[in-house]
Amino acid sequence: MQNQEIVKIIENLKGRRNYEEKKASKLGFASLYEYFEDKISKKQKALENEQKELETSQAEEQPKATKKSCSCC
């Protein structure tokens, strides 16, 4: 089953299709579909990693805000 998002991307390439086909074959992909499938999955993984890093940085900042700077308070 083909992903409709990838099919739409390939249909909308127009003048860039030859460029993208050469790039895909140079990188070792058998088809343009596989190339864009890989490209999209890499984007999703990058977004997930970025979101995890953001969550961990926010979790680390919260305890610092609750700590008191001196013992007099």
Euclidean distance, [Y] [atom2] relative to [X] [atom1], rounded to 0.5 Å:
X     : Y     : atom1 : atom2 : result
Tyr35 : Ile10 : OH    : CD1   : 11.0 Å
Ile6  : Ser31 : CD1   : OG    : 9.5 Å
Gln51 : Glu48 : CD    : CD    : 8.0 Å

Worksheet item: Ignoring hydrogens and geometry, is there a side-chain-to-backbone donor-acceptor pair from Tyr33 to Asn3 under 3.5 Å?
Response: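 Between the backbone of Asn3 and the side chain of Tyr33 there is a qualifying donor-acceptor contact (under 3.5 Å).
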Discussion item. A quick test of your reading: do over 12 heavy atoms of other residues, nucleotides or ligands sit less than 6.0 Å from CD of Glu50?
Written reply: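 It does not: Glu50 CD has 12 such atoms or fewer within range.
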Worksheet item: Can you list every salt bridge (Lys or Arg N to Asp or Glu O under 4.0 Å) pair that touches residues 26-39, not counting sequence neighbours?
Response: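 Applying salt bridge (Lys or Arg N to Asp or Glu O under 4.0 Å) to every pair that reaches into residues 26-39, excluding sequence neighbours, yields Asp38-Lys42.
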Item to complete: Scan residues 5-19 for pairs that pass side chain to side chain donor-acceptor pair (under 3.5 Å), counting only residues two or more places apart or in two chains.
Response: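 The answer is Arg16-Glu20, Arg17-Glu21.
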